[in-house]
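Here's the structure, in structure tokens; my notes come after.
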Amino acid sequence: MDEQNWQQVEEWMTLYGDRIIRLVCLVVNDLHLAEEITQEVFIKAFENTPDFRNQASPYTWLYRIAINLSRNYLRRRHRLRFEPWEEELRQSIPEEPLEEQVTRRETGRKIRNCISQLPLRYREVIVLYYYEDLKITDIVKVLEKPEGTIKSHLARGRDALVKVMRKEGLAYAGE
Amino acid sequence: MQENDEFKNWLQENLEDEMNAIHFSPKARAQVTTKIKTEITAKVTAKVTEGTAANDACSLPKSSFSNAVRKHAWRQRSIAFPWTVCAASILLLLIVTGYYVKTLFFVTPHDIARFNEDRQIILPGDNTPFGAMQMANLQLPDQGVTKK
């Protein structure tokens, strides 16, 4: 049974490993912490695989574990730290980026910074809806909150994000 | 709705390069593999040990020590209190102590009047305790003080 569970978790690591670490990165804004949390997600998934059976799609279940672990870590740390992970990312990109890529990377970095300034309850919904492209019904399963609350947080989160982006000098053409 | 989709597309396009450079590294995956395999091995070892202990239990008397350990295993659990609980407990302790010694509370004129109203023992002879004057009088000749 354990071997079976382990094979299942190995498959999930291949399918969802990158998505989970990116989601957690946006929520906690710390690359090293995100890697630790992602490791713990799969360990917890292995320990609780019997609870998963036919419950939900694997990615909503894994996302729920990731969000809960991120909240626990943030609560323990009491504050966000902005870890400059540009150095690690620069090392992972072999070729010299084009100018427009540099501009887009710079904008991406600023957007990530703006998202990190949002309160946690808005940040989770914004990341799951706008970045992960989940439907509201899936976000309800991940965050275990009522649909009305999710929609309200989404609307307020979006307004807050736009306000922060304006303050940081980020121009969104739709505004 | 359309505006929302445009905002979503704009956000995703701009975050794409930044986030696509992040991967769940092979080193991190290997660490997860190691931890899970260690857990599986530990479970198998525990099962074997239990099985051996069960076989032994049929022939040998039960160890009271191991029973006691199992019975009191709850004492071995680690407990962690959040900082807010500790801070609130200390604050409550200070308030209770302050109330008890009335350090933190202002003594009102009403309280002073009430204290003054309490019955007081007034002794004759300028509040000197009974017998002290007589004892002092008796000792005067010894100290060289005589009546003229």
Side-chain angles (χ1 to χ4, degrees), chain A residues 2-3 5-6 9-10 13-14 16-23 25-26 31 34-36 38-43 46-47 75-76 78 85-86 88-93 97 101-112 115 126 129-133 154 158 161-162 170 172-175, chain B residues 1-52 54 73 76-91:
Chain A
D2 278 338
E3 264 316 303
N5 292 346
W6 161 234
V9 169
E10 217 175 8
M13 272 207 291
T14 311
Y16 305 115
D18 289 349
R19 281 170 74 173
I20 301 262
I21 193 171
R22 288 167 194 166
L23 164 76
C25 262
L26 282 172
L31 184 57
E35 198 166 76
E36 270 179 43
T38 309
Q39 287 179 327
E40 224 175 288
V41 166
F42 291 109
I43 292 170
F46 168 74
E47 287 167 1
R75 213 176 289 138
R76 259 183 262 160
H78 296 293
W85 70 45
E86 284 86 3
E88 282 95 343
L89 290 184
R90 224 175 282 131
Q91 284 166 11
S92 70
I93 299 166
Q101 277 182 9
V102 169
T103 314
R104 217 162 54 179
R105 281 286 303 276
E106 185 61 27
T107 310
R109 193 189 63 80
K110 284 185 181 174
I111 294 173
R112 178 174 54 81
I115 292 174
I126 291 285
Y129 185 77
Y130 288 110
Y131 179 69
E132 291 291 335
D133 211 3
L154 193 56
R158 186 183 183 280
L161 181 61
V162 167
L170 264 176
Y172 162 52
E175 284 286 306
Chain B
M1 189 67 159
Q2 197 188 350
E3 198 195 313
N4 223 16
D5 288 338
E6 283 171 8
F7 183 68
K8 192 189 282 192
N9 292 336
W10 178 82
L11 215 65
Q12 284 177 353
E13 269 170 30
N14 283 293
L15 279 173
E16 193 184 345
D17 285 344
E18 175 86 350
M19 303 311 290
N20 282 353
I22 299 168
H23 298 282
F24 189 41
S25 64
K27 186 182 162 194
R29 275 190 214 206
Q31 284 175 353
V32 173
T33 308
T34 311
K35 279 184 192 164
I36 290 178
K37 292 218 162 139
T38 311
E39 258 188 58
I40 295 175
T41 314
K43 273 189 201 171
V44 167
T45 313
K47 273 187 194 157
V48 167
T49 314
E50 262 179 44
T52 317
Q76 308 300 325
R77 284 178 57 197
S78 66
I79 303 172
F81 291 110
W83 281 112
T84 43
V85 170
C86 294
S89 307
I90 291 169
L91 194 64

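Naming: A, B, ... by sequence-line order, numbering from 1 per chain. Just so you know, these numbers come straight off a predicted model, no measurement behind them.
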*In terms of heavy-atom pairs under 4.5 Å, which option from B:I36, B:I40, B:N20 contacts chain A the most?*
B:I36

_Smallest separation among heavy atoms of B:K8 and A:Y130, with atom names_ = CG-O, 3.5 Å

*Which residue out of A:V9, A:D133, A:I20 racks up the most heavy-atom pairs below 4.5 Å with chain B?*
A:D133

*asked:* Please give me the minimum heavy-atom distance between A:C25 and B:I22, naming the atom from each residue.
replied: SG-CD1, 3.8 Å

*Enter the distance from A:F42:CZ to B:T33:OG1 here, rounded to the nearest 0.5 Å.*
11.0 Å

*Side chain from CB out, backbone as N, CA, C, O: work out which of these in B:E39 comes under 4.5 Å of a heavy atom of chain A, or both, or neither.*
side chain

*Smallest separation among heavy atoms of B:Q12 and A:Y131, with atom names*: NE2-O, 3.6 Å

*Verify side-chain contact (heavy atoms from CB on, under 4.5 Å) between A:I111 and B:W10, making sure each step is shown before the conclusion.*
CA-CA 11 Å; A:I111 294 173; B:W10 178 82; 3.9 Å; yes

*Just jot down the salt bridge (charged side-chain N to carboxylate O under 4.0 Å, His left out) partners of B:R29, sequence neighbours excluded, or say none.*
none

*Between A:D18 (side chain) and B:F24 (backbone), is there a donor-acceptor pair under 3.5 Å?*
yes

*For A:E36, salt bridge (charged side-chain N to carboxylate O under 4.0 Å, His left out) partners two or more places apart*: none

*Approximate separation, where rounding is to 0.5 Å, of A:T107 OG1 and B:N14 CG*: 5.0 Å

*asked:* Once rounded to the nearest 0.5 Å, what's the spacing between atom CD of B:E18 and atom CG of A:L26?
replied: 9.0 Å

_Contact winner vs chain B - A:R19, A:E35, A:Q39, heavy-atom pairs under 4.5 Å_ = A:Q39

*What heavy-atom pair brings A:L161 and B:F7 nearest, and what distance separates the two atoms?*
CD2-CZ, 3.9 Å

*Please look at B:N9 and chain A and tell me whether the side chain, the backbone, both or neither of the residue comes under 4.5 angstrom of a heavy atom of that chain.*
neither

